[in-house]
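All remarks here apply to the structure that follows.
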Amino acid sequence: MGDLKLASEFPAISRADWMKRVEAVLKGASFEEKLVHSSADGIRLEPIYGQQPGPRAARATQVPWTLFQRVDHPDAARANELALDDLANGATGLVLVNGDSATARGYGIDPSRLARVLQGVHLHAVALRVEGSGSMALAELIGKEPIDPERLNVSFALTSPADAAELARRGYIGPYMEADGRSWHEQGATDAQELGATLATAVATLRSLEGLNDVHLVRSVGITLSANQDMFATLAKFRAIRLLWRRVLEAAGLPDAALRLHAETSWRMMAVKDPHTNILRATTAVFGAGLGGADSITVLPFSQAQGLPNAFARRVARNVQNVLAEESNLWRVADPASGAGYIETYTHGLCEAAWKVFQAAEAGDWPAPNPSSTAGLPIIGTTAYPLREEFAPETEAL
C-alpha cells in the first residue's frame, strides 16, 4: 500500500494519531471498556488495526466455488425433479442426503433408489457429495456408466478404511471420508472448539488410512464447517482451517496438498418464526465462507427449520449463491482478507486457540460445548414485535 501515488498526497497517520481522535470522541471514557472486547474463544478484538502480514489461505485454484443443493426429498421421483431443476438454474453440485444422515432433519433419500434420484443427471458434469450411507451405492451406480472415476468430482462419506482403499483402487481421487464440524457447531461449540475438534477428527481419519500412498492420503479427507451470520468470524474460521491443515501435513511429513473445504450455512442460526429473515443470514454466511476460501457451499433453504423446503425456497437458496458469485464476483479475489489487521489477528487467534483444542482432543480430552450458549442463534425482531400473521411455510406437502 505504501507505493500508491494517491496515498502519498495525504499525511501519514500513525496509530497514536488515531488514538487521539478516539480519545476525543470517548470524552474520558475507557477505551478498553468501551471499544475492546473478547470473542467466545478469548481472542482480543479491537476497533483499530493497521495492515498486518500473514500467511495466505486461498483456495488451490481461483475458480468459482461449487454451488451445492441438497437432494433430500424422500420420494425419488420428486427428488429427481427438484435436482434437475436446480442444475438447470445455477447449481453446479448435488448433496445426496440419505435418510440415515444426521443432517437429514427427518427426511432424506433411500440409497436403493439412487438410480431414480439421479436419472437424467450427467454425473461427469456435476459435483456430488454424499451424506450418510450411500457412498458405495453411488460408486456402484457410477461403475455402470462409461465414466472415468478419476475425472469426477465426488466427495464420499465413508466410515470404513477398507472401502476408502477400494475407491482409491478404482481411481477415485477423493475425498473418501469427511471430518464434519457441523455437529460441534450445533451443540454450541465456539469457533475454536469446532475447528480443533474437526481437525482432530481429520487427523484420526488420516491415521486410519495409512495404508494408502501419500498421493491418495493427502486428498483422502475433506472438511465441512458451518458458516453463520457473523461474517467476519466465519471468514476468519475458514481461513484458519486451511492454515491448520497445512500445519498438520507439515508435522506429519506429508506433501502439501490443498484441503477440500466445504461450507454449509448454519442450522443453529435458522429462525422458525419469520423465516424469510433466514435469507439475510444465509447471505452473510455465504459472504464469509466464500471470501474465507470455501471450495463449495450449501445454503440451507430459508424454510428448512419449518419442514421440507419447496421449489421456491430452493430457488432462493440457489440464488443467494448465484448473486454473490456471478454478480458480485466474490470468487475472483484470492484470499481478499490477507493483510487486513482485524482478520489476520482474528485468524491467528483462532489458529492458536483451535490448536490447543486439537492437542487436548489428541490426548483424549474432547471439547465440551455449551448447548445453552446463545452464540450463533438467530436474533429476530419477532421476539418483541411478532408478526400479526406468519406467512404460509414454503414447504413441500408430503
Side-chain angles (χ1 to χ4, degrees), residues 40 67-74 93-109 129-132 155 157 178-191 193-195 197-198 201 222-231 233-234 237-238 241 261-290 292 294 296-310 313-314 316-318 320-321 367 369-380 382-383 393-396:
L67 192 165
F68 273 104
Q69 281 280 81
R70 287 167 60 94
V71 181
D72 54 358
H73 200 292
L94 299 173
V95 183
L96 305 175
V97 183
N98 292 283
D100 61 357
S101 168
T103 58
R105 318 296 180 197
Y107 303 101
I109 62 175
R129 291 181 60 83
V130 179
E131 293 190 1
S155 294
E178 195 77 10
D180 196 338
R182 289 173 296 180
S183 62
W184 292 99
H185 174 80
E186 290 170 22
Q187 294 174 59
T190 66
D191 288 338
Q193 287 176 328
E194 180 185 352
L195 287 169
T198 305
T201 302
I223 286 180
T224 297
L225 297 176
S226 288
N228 71 9
Q229 70 267 45
D230 190 332
M231 182 180 69
T234 295
K237 180 169 74 173
F238 277 78
I241 193 62
L261 178 58
H262 180 66
E264 182 178 273
T265 56
S266 167
W267 169 257
R268 186 174 169 82
M269 75 176 180
M270 300 288 281
V272 178
K273 289 186 176 181
D274 197 5
H276 289 76
T277 59
N278 291 326
I279 301 170
L280 300 177
R281 296 184 185 92
T283 301
T284 56
V286 172
F287 199 98
S296 56
I297 303 175
T298 302
V299 170
L300 297 180
F302 69 85
S303 59
Q304 187 83 44
Q306 295 181 309
L308 187 62
N310 64 9
R314 295 173 68 89
V316 174
R318 284 196 311 266
V320 164
Q321 294 200 60
N370 177 13
S372 63
S373 168
T374 59
L377 293 178
I379 301 173
I380 54 176
T382 52
T383 303
E394 296 288 349
T395 55
E396 290 272 317

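In this chain, numbering begins with 1 at the start of the sequence shown. Since this is a predicted model, take the numbers as computed values, not measurements.
Among all heavy-atom pairs drawn from Thr234 and Ala227, the shortest one is CG2-CB, 3.7 Å. Looking at every heavy atom in both residues, Ala40 comes nearest to Thr190 through CB-CG2, 3.8 Å. Shortest non-hydrogen contact noted between Ile297 and Gly290 is CD1-N, 4.0 Å. For Ala189 against Gln193, the heavy-atom pair with the smallest separation is CA-OE1, 3.3 Å. Heavy atoms only, all atoms of each residue included: Arg129 and Thr224 are closest at NH2-OG1, 3.0 Å. For His185 against Arg268, the heavy-atom pair with the smallest separation is O-CD, 3.4 Å.
The backbone N or O of Asp100 sits nowhere less than 3.5 Å from a side-chain atom of Asn98 that would complete a donor-acceptor pair. Side-chain atoms of Glu186 never come within 3.5 Å of backbone atoms of Trp267 as a donor-acceptor pair (strictly under, hydrogens ignored). Thr265 places a side-chain N or O within donor-acceptor distance of the main-chain N or O of Leu300, the cut-off being under 3.5 Å. Lys237 places a side-chain N or O within 3.5 Å of a backbone atom of Ser226 that can act as its donor or acceptor partner. Formation of a donor-acceptor pair under 3.5 Å by the Glu131 side chain with backbone atoms of Thr103 is not found in this model. A donor-acceptor pair under 3.5 Å is absent between the side-chain atoms of Asn370 and the main chain of Gly188, judged by distance alone.
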Name the atoms and distances for all side-chain donor-acceptor pairs under 3.5 Å in residues 301-309, with sequence neighbours left out.
residue, atom, partner, partner atom, Å
Ser303, OG, Glu394, O, 2.7
Gln306, NE2, Val272, O, 3.2

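In this structure, the separation between OG1 on Thr283 and CE on Met231 is 11.5 Å, given to the nearest 0.5 Å. We find the CG-OG distance between Leu67 and Ser296 to be 10.0 Å, quoted to the nearest 0.5 Å. For the atom pair CG of Leu195 and CD1 of Ile223, the computed distance is 8.5 Å after rounding to the nearest 0.5 Å. To the nearest 0.5 Å, atom CZ of residue Arg70 and atom CZ of residue Arg105 are 6.5 Å apart. From Met270, atom CE reaches atom CG of Asn278 across 4.0 Å, with rounding to the nearest 0.5 Å.
Counting heavy atoms from C-beta outward, Gln187 and Pro371 have side chains that stay 4.5 Å or more apart. Side-chain atoms of Trp184 and Pro369, non-hydrogen and from C-beta on, do get closer than 4.5 Å to each other. Between His262 and Ser155 there is no side-chain heavy-atom pair separated by less than 4.5 Å. No side-chain heavy atom of Glu396 sits less than 4.5 Å from a side-chain heavy atom of Tyr107. Proximity of Thr201 to Asp180: side-chain heavy atoms (C-beta onward) are nowhere separated by under 4.5 Å.
Among Val299, Leu225, Thr298, the one residue that satisfies the side-chain contact (heavy atoms from CB on, under 4.5 Å) test with Glu264 is Thr298.
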